Every structure is written in structure tokens, then in C-alpha cells.
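Structure first, then comments.
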Amino acid sequence: MPQQFWKPGADKPRILEDEEGGVVFFAPSLSSASSSSSRFGYASIGSQRQRLPVYKYRTAILYLVETHATTIIVGETGSGKTTQIPQYLKEAGWADGGRVIACTQPRRLAVQSVASRVAEEMDVKLGEEVGYTIRFEDVTNPAATMIKFLTDGVLLREIMDDPLLTKYSVIMVDEAHERSISTDILLGLLKKIQRRRPELRLIISSATIEAKSMSDFFQTSKKHRGPEDHEFVPRKVPAVLSVEGRGFNVQIHYVVEPVSDYVRATVSTVLSIHDQEPAGDILVFLTGQDDIDAAIQLLAEEAHASRKISSGLIVLPLYSSLPRAEQDLVFSPTPRGKRKVVISTNIAETSLTLEGVVYVVDSGFSKQQFYNPISDIENLVVAPISKASARQRAGRAGRVRPGKCYRLYTEEYFVNEMSSVGIPEMQRSKLVSCVIQLKALGIDNILGFDWPASPPPEAMIRALEVLYSLGVLDDDAKLTSPVGFQAAEIPLDPMISKMILSSNQLGCSEEIITIAAILSIQSIWVSGKGVQKELDEAKLRFAAAEGDHVTFLNVYKGFLQSGKSSQWCHKNYMNYQAMVCICSLLLSVNFRCG
DNA sequence: GATGGGCTT
């Protein structure tokens with residue numbers, strides 16, 4: 001039975017969700033005038049740049065940055081803020097005198113693609129005036145780079161060498177609304193740095209909502225407040241500027257009654273879209289591989305049962321552990337007369353963008369990590385998403401033309417029950433790595449640190465206990481010498497760093513570093529629906545009686561003997577990308593540990 | 001017999 005959605009404008013009274021800044025769905029007329037037709041013309045890069053929504057705020061942004069210590073920019077995707085603002089700053093002279101403009105991103109891929117886009121717009125070679133740094137890859141030229149894109153994790157590491165980040169004149173923290181651990185630590189540290197360096201300017205860029213709490217965070221100072229309107233001191237009160245995006249209008253449909261099984265509901269919704277709606281690809285958000293496989297299975301069964309309805313559907317799964325070749329399928333253009341259905345995890349919410357999506361089906365759930373500091377156990381649980389996520393998901397339907405989003409929950413639920421933003425990662429994770437990093441930066445009063453979102457004190461205490469038991473912290477909760485400092489230097493989980501340091505005395509460093517590298521990446525095995533049996537057999541070929549760790553060693557040996565061959569990985573159900581990653585990790589750890 | 005959302009240094 002197909003799901004029942006009510007259509008906007010029909011009998012049921014429409015509760016507008018704009019109260020909380022539902023701007024995501026409705027961009028002013030500007031978008032229809034400027035994007036669809038002219039965007040595909042042969043405009044020069046210069047005029048393309050001028051057509052971005054952010055362009056008309058150029059003067060305002062430069063003025064605010066000049067006069068305020070912190071500027072918060074609320075902008076939807078497609079406003080052009082990430083690529084344009086660093087260029088405006090450079091044009092206004094913020095990179096003069098050897099200073100550098102930094103722009104951080106939570107993800108490596110975003111850093112690379114934004115950097116190359118900006119280099120192209122400025123018509124310079126990537127790695128010169130415009131460069132980027134991500135782990136294992138530094139494409140900058142210290143003598144020439146004026147605009148530098150980097151992951152927030154890399155900037156955090158840079159603070160270890162240069163605690164005041166002296167070479168930067170402006171630091172733009174992008175995607176701050178995602179509230180990843182590194183972004184939050186970075187924000188806390190930048191606030192501190194700012195007190196010592198009044199000439200440093202910060203730009204915090206966030207997709208929606210949290211502008212107010214972010215502004216409060218940068219406004220309130222625990223200690224001495226500087227003079228506010230002094231001529232040469234920038235204003236401490238953050239400026240907040242909102243920039244509209246370029247998304248198309250997305251019509252939201254809610255279910256009338258709550259659904260009991262969101263996988264089934266997904267399938268019937270997809271089928272009725274396919275049956276009733278004009279051409280356009282469908283993007284479905286489910287929680288994980290299990291759900292996704294079940295939905296695909298069910299779709300196949302329905303297709304078999306009613307050939308008429310489901311002919312012309314191309315159904316593709318999408319999740320991060322899917323082999324690269326299969327992931328790439330979702331980017332292939334949809335053949336004429338066909339309709340692509342991508343059934344995805346959260347990966348399509350932030351990390352990748354699919355062109356051609358016109359319909360989004362949102363289950364309302366995602367898997368989220370939670371940490372219980374009492375039991376010291378991390379859990380992955382299916383939990384309801386936030387309004388912010390729901391808006392982000394819906395926005396994925398409006399990239400090429402007006403679209404529709406089908407939410408598998410009631411409007412009443414969305415309005416009254418759904419929390420407006422998710423819980424910051426900081427408040428639902430282990431903090432061992434985070435604490436050792438702050439200690440390495442000389443921040444002794446960890447419990448008194450000024451966070452954008454305070455983590456639970458129990459989690460902090462547990463992290464301190466773990467570090468103490470590893471011998472990384474002493475009785476005064478200071479880093480021990482040399483073990484504590486060495487462990488902080490190694491960019492891995494402190495438990496693993498300690499294992500590496502101890503292996504030195506036991507004469508098994510080489511083996512332990514290999515194991516450490518493998519434990520530090522997501523998985524060396526490929527994943528997928530039909531390969532479970534083959535995967536188990538492959539694992540058996542390397543299995544060691546001593547356990548998984550020695551099995552890992554065998555796998556790595558095999559990989560080396562194959563001459564680091566990708567075919568060998570494929571044959572043995574191993575993730576080639578992961579193995580390459582391990583090699584880089586080995587290099588960097590070996591480098592640090594002599 | 002039960003099991004990996006997504007990132008990152």
C-alpha cells in the first residue's frame with residue numbers, strides 16, 4: 001500500500017516551518033532569474049563569480065571583517081561563500097606582507113576540490129598562490145601561498161607548532177554547523193588565540209540556525225573584556241550576516257500517519273513517485289547497509305511482482321564501505337527514459353553531492369554514535385535526525401530544479417518533537433584524543449576550558465583516568481616526559497600511541513606499527529551484499545591462531561609480496577584504498593618514531 | 001552467533 005502524503009495547498013492546514021529559519025527551502029527570486037538559463041552559457045569566470053549570491057555582499061563582508069574580530073556568515077549551500085570569501089579577502093589585501101588567509105573544512109575531499117576550484121578561478125597553479133593541506137598531502141608553497149585550504153584537524157596540529165597561528169591574518173571556519181569534534185576544539189582554541197592576537201580575524205560559516213549560539217560563544221569572554229569602540233580595536237561582538245543560497249524550492253510532503261516500518265514505507269514511496277511523478281532521480285536516506293540492502297531487496301521483489309510500475313528503475317546503494325567502483329556508479333548519468341534511485345546513508349547528506357536528484361525520501365533516522373562514560377562504551381544507534389539534518393536532506397532535491405521531499409514522519413512530529421539541531425559530536429564521544437591534544441597545547445585546566453558545547457564532565461574525567469593509567473599524564477594531570485609528549489606527538493589514538501612507544505623496548509616496533517596503522521583505519525576488508533561468504537574465505541587464508549592482530553600482519557605481508565597490487569586486493573576482498581592509506585600512515589608514524 | 005552512520009590528525 002502506498003504511503004499517504006498530503007499535498008501542500010490541499011485540505012489540511014499548512015503549518016509553516018519558516019519560524020526556525022526554513023530558508024533552506026525557499027530562496028528569493030534571485031535564484032530563478034540567475035541560475036537556470038544563464039549559468040550554462042559561456043560566461044567568463046569573472047562574470048560567473050559576480051552572479052553568485054554572495055557577490056552582492058562582498059562590500060558588506062569586507063567591512064564586517066575589517067571592523068569585527070569575528071564575523072558569522074550564515075549561508076546555504078550554493079551561495080558561493082567558500083570559494084568567494086577567501087578571494088575577496090585576498091583582493092582586499094589580507095594576504096599582503098606574507099600573511100595567509102586560511103579556510104578550514106571538515107573533510108579532505110572538500111579541501112581538495114574547493115582549492116582547485118579557487119586556483120582555477122584565480123588562474124593560478126594549485127600549490128602556489130592558492131594551496132591546500134590535508135593529512136599526507138601538503139600542496140602549498142610557504143613562500144607564495146596566500147590562500148590556504150585545510151582540514152580543521154590539520155589546523156589543530158599546526159597549533160602545536162605555532163600556538164598563536166601567527167602566519168594567518170584571517171581564519172575562516174567553514175561548515176561550523178556540523179559541530180565535529182575538531183571544529184569545536186578549533187573554535188575553542190581560536191577564541192583563546194584571538195584574545196592574544198586582536199589583529200586576527202575569524203569568519204565562522206554555518207549553514208543555518210546556530211548563528212545565535214555561535215555569536216554568544218564568541219561574544220562572552222570569561223576574563224577581561226577589552227574596550228569596545230576603540231578606534232584600532234575591532235569590535236568584540238560578532239557580526240552576523242545571512243547570505244541566501246541558490247537552491248530551488250523544494251515542496252515538503254509529510255505522511256499523514258506515522259509509519260511502522262520505514263524500510264517498507266521507503267519502498268512504497270519510491271514506487272509511487274516513479275509511477276506518478278515526472279522524470280527525475282530519487283535519493284533515499286536510510287540508516288545503514290542493512291536497511292539499504294533490505295530496501296533494495298524489497299524493491300526487486302516489488303519489481304518482479306508488478307513489472308509495469310517498476311520498469312525503468314535503476315536502483316543503486318551508496319555507503320562509505322562500498323567498493324569504489326560501485327560507489328562511482330551513482331555518479332553515472334541516468335540513461336534516457338530511466339530513473340535512478342540512490343539508496344544512501346548519511347554520506348549523501350554532507351560528503352557527496354548527486355546531480356540530477358529531484359525527489360528525496362527521508363526516513364527521519366540516521367545512525368549516531370553515543371558514548372557512555374560510566375561504562376566507557378561507545379554505541380552506534382539508530383536515532384531520529386534533527387530539523388537541521390532534515391532540511392539539509394530536503395535541500396538535496398533542489399539543486400537542478402524545483403523538487404519534492406517526502407518525509408516518512410508527520411508534520412506534527414517535525415514541528416513539535418524533532419530537536420532543532422543535533423547533539424554536537426563532542427558530547428557523545430570518547431575524549432581521550434581530545435584531552436591529550438589540549439594538554440599538548442599547554443591547556444592545563446581542561447575542565448575549565450571554554451567550549452562551544454561543554455562535554456559531560458564524566459567523559460572528561462574518564463579521559464583523564466585513561467591517560468593517567470597509560471602513564472601519559474602524571475599525578476598533577478600534566479603530560480609526562482618523555483612518554484606523554486611523545487604520545488601526544490603521534491597522530492593516533494593515545495592507547496595505540498602508547499602501544500607503539502612500549503613496543504620499542506620489547507623489540508617488536510615494526511610489527512606493532514603495522515598493526516597500529518591497520519587499527520587506525522576504518523576497515524581493510526571490502527564490504528557489500530553478495531560477498532560475505534567469499535570475504536570469510538579470504539579472511540581464513542590469512543587467519544592466525546593468535547588472533548586478529550596477527551591476521552592483520554599476514555594480510556599486510558601478503559600485500560607487500562604482491563607488489564602492492566590492486567588486483568591482489570580485489571582478489572582477496574581487500575580494500576585497496578585502505579591499504580594505500582596504511583602505507584602512508586606507516587611512513588608518517590615511522591618518521592615520527594625514528 | 002552477531003556485526004561497521006559519517007568524518008579526521
Side-chain angles (χ1 to χ4, degrees), chain A residues 104-112 133-138 150-161 174-175 178-186 189 285-293 317-322 327 343-352 363-370 378-386 389 392-393 422-426 428-430 432-438 440-441 487-494 496-497 516-517 519-529 532 535-536 539 548 575 578 581 584-585 587-589 591-592:
Chain A
T104 74
Q105 295 289 323
R107 280 168 290 277
R108 297 162 53 93
L109 199 69
V111 168
Q112 286 175 308
T133 309
I134 56 181
R135 188 185 201 180
F136 306 138
E137 217 181 322
D138 183 8
L150 66 177
T151 50
D152 31 27
V154 168
L155 189 58
L156 269 182
R157 283 276 150 185
E158 285 191 4
I159 299 181
M160 285 196 181
D161 298 327
D174 205 5
E175 313 284 2
E178 288 187 24
R179 305 302 301 271
S180 71
I181 291 194
S182 357
T183 310
D184 271 15
I185 302 177
L186 189 60
L189 290 169
F285 286 102
L286 290 179
T287 64
Q289 195 184 332
D290 259 9
D291 280 356
I292 292 171
D293 291 343
L318 178 62
Y319 41 84
S320 77
S321 56
L322 206 63
Q327 262 186 35
I343 307 193
S344 171
T345 59
N346 257 359
I347 192 170
E349 191 179 307
T350 49
S351 308
L352 345 149
S363 66
F365 291 96
S366 71
K367 282 196 186 175
Q368 290 161 41
Q369 186 181 261
F370 285 91
E378 287 179 301
N379 258 343
L380 205 54
V381 295
V382 173
I385 60 169
S386 66
S389 282
Q392 177 79 12
R393 288 179 173 189
I423 302 168
E425 197 184 8
M426 189 87 216
R428 39 185 185 84
S429 311
K430 284 182 120 151
V432 210
S433 297
C434 162
V435 169
I436 198 175
Q437 247 175 327
L438 290 179
L441 293 170
E489 187 80 10
I490 302 173
L492 299 174
D493 183 274
I496 293 185
S497 308
L519 289 175
S520 301
I521 58 140
Q522 297 172 48
S523 173
I524 56 169
W525 315 104
V526 296
S527 158
K529 196 169 58 152
Q532 191 57 53
L535 175 59
D536 285 342
K539 280 185 186 173
D548 285 355
N575 187 337
C581 194
S584 329
L585 201 54
L587 274 175
S588 90
V589 174
F591 174 73
R592 274 168 210 271

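As the structure is a prediction and not an experimental result, all values here were calculated from the model. Here is the naming used below: chain letters follow the sequence lines, and residue numbers restart at 1 for every chain.
- If you take CG of A:Asp493 and C1' of B:dC7, they are 15 Å apart, rounded to a whole angstrom.
- Looking only at side-chain heavy atoms (C-beta outward), A:Gln112 and A:Leu109 come within less than 4.5 Å of each other.
- Looking at heavy-atom distances under 4.0 Å, A:Thr151 makes contact with sugar-phosphate atoms alone, never a base.
- For B:dG5, the O4'-C1' to base torsion is more than 90° from 0; the nucleotide is therefore anti.
- Counting any heavy atom pair closer than 4.0 Å across all strands shown, A:Gln522 reaches a base atom.
- For the pair A:Leu519 CG and B:dG4 P, the computed distance is 17 Å after rounding to whole Å.
- For the pair A:Arg157 and B:dT8, the criterion of a side-chain N or O lying under 4.0 Å from OP1 or OP2 is not met.
- Among the atoms of the strands shown, none is found under 4.0 Å from any heavy atom of A:Ser180.
- Heavy atoms of A:Leu380 sit under 4.0 angstrom from at least one base atom.
- Residue contacts shown for A:Thr287 are limited to sugar-phosphate atoms, with no base heavy atom under 4.0 Å away.
- Rounded to whole Å, atom C1' of B:dG6 lies 15 Å from atom CG of A:Asp291.
- Residues A:Ile385 and A:Gln392 have side chains not in contact (no heavy-atom distance under 4.5 Å, counting atoms from C-beta outward).
- Among the candidates A:Val154, A:Asp152, A:Leu155, A:Thr104, the single residue satisfying the side-chain contact (heavy atoms from CB on, under 4.5 Å) test with A:Ser182 is A:Asp152.
- Side-chain N/O atoms of A:Gln369 and base N/O atoms of B:dG4 include no donor-acceptor pair closer than 3.5 Å.
- One atom, CG of A:Leu109, and another, C1' of B:dC7, lie 12 Å apart when rounded to the nearest Å.
- Closest of all the heavy-atom pairs between A:Pro494 and A:Ser433 is CD-OG, 3.4 Å.
- Counting only heavy atoms from C-beta on, A:Tyr319 has its side chain closest to B:dG6 among B:dG6, B:dT8, B:dG5.
- Between A:Asp293 atom CG and B:dT3 atom P the separation is 16 Å, expressed in whole Å.
- Considering only side-chain N and O atoms, A:Thr345 lies under 4.0 angstrom from the phosphate OP1 or OP2 of B:dG6.
- When rounded to the nearest whole Å, the span between CG of A:Leu352 and C1' of B:dC7 equals 12 Å.
- With rounding to whole Å, A:Leu286 atom CG is found 12 Å from B:dG6 atom P.
- Relative to the side chain of A:Ser351, the nucleotides B:dG5, B:dG6, B:dT8 differ in distance, and B:dG6 lies closest.
- In this structure, A:Ile181 reaches neither bases nor backbone, as no heavy-atom distance under 4.0 Å exists between it and the strands shown.
- A:Ser429 and A:Gln369 get closest at one heavy-atom pair: OG-NE2, 3.6 Å.
- The 5' end of DNA chain B is approached more closely, in terms of each residue's nearest nucleotide, by A:Lys539 than by the other of A:Lys539 and A:Ser520.
- Atom pair A:Arg428:CZ and B:dC7:P shows a separation of 14 Å (rounding to whole Å applied).
- Within the structure, a side-chain polar atom (N or O) of A:Ser320 is placed less than 4.0 Å from OP1 or OP2 of B:dG6.
- Considering only side-chain atoms of A:Gln289, the nucleotide from B:dG6, B:dG4, B:dG5 that sits closest is B:dG5.
- Nearest-nucleotide positions on DNA chain B place A:Gly288 closer to the 5' end than the other of A:Gly288 and A:Gln437.
- Taking 4.5 Å as the limit, every side-chain heavy atom of A:Met426 sits out of range of all side-chain heavy atoms of A:Arg179.
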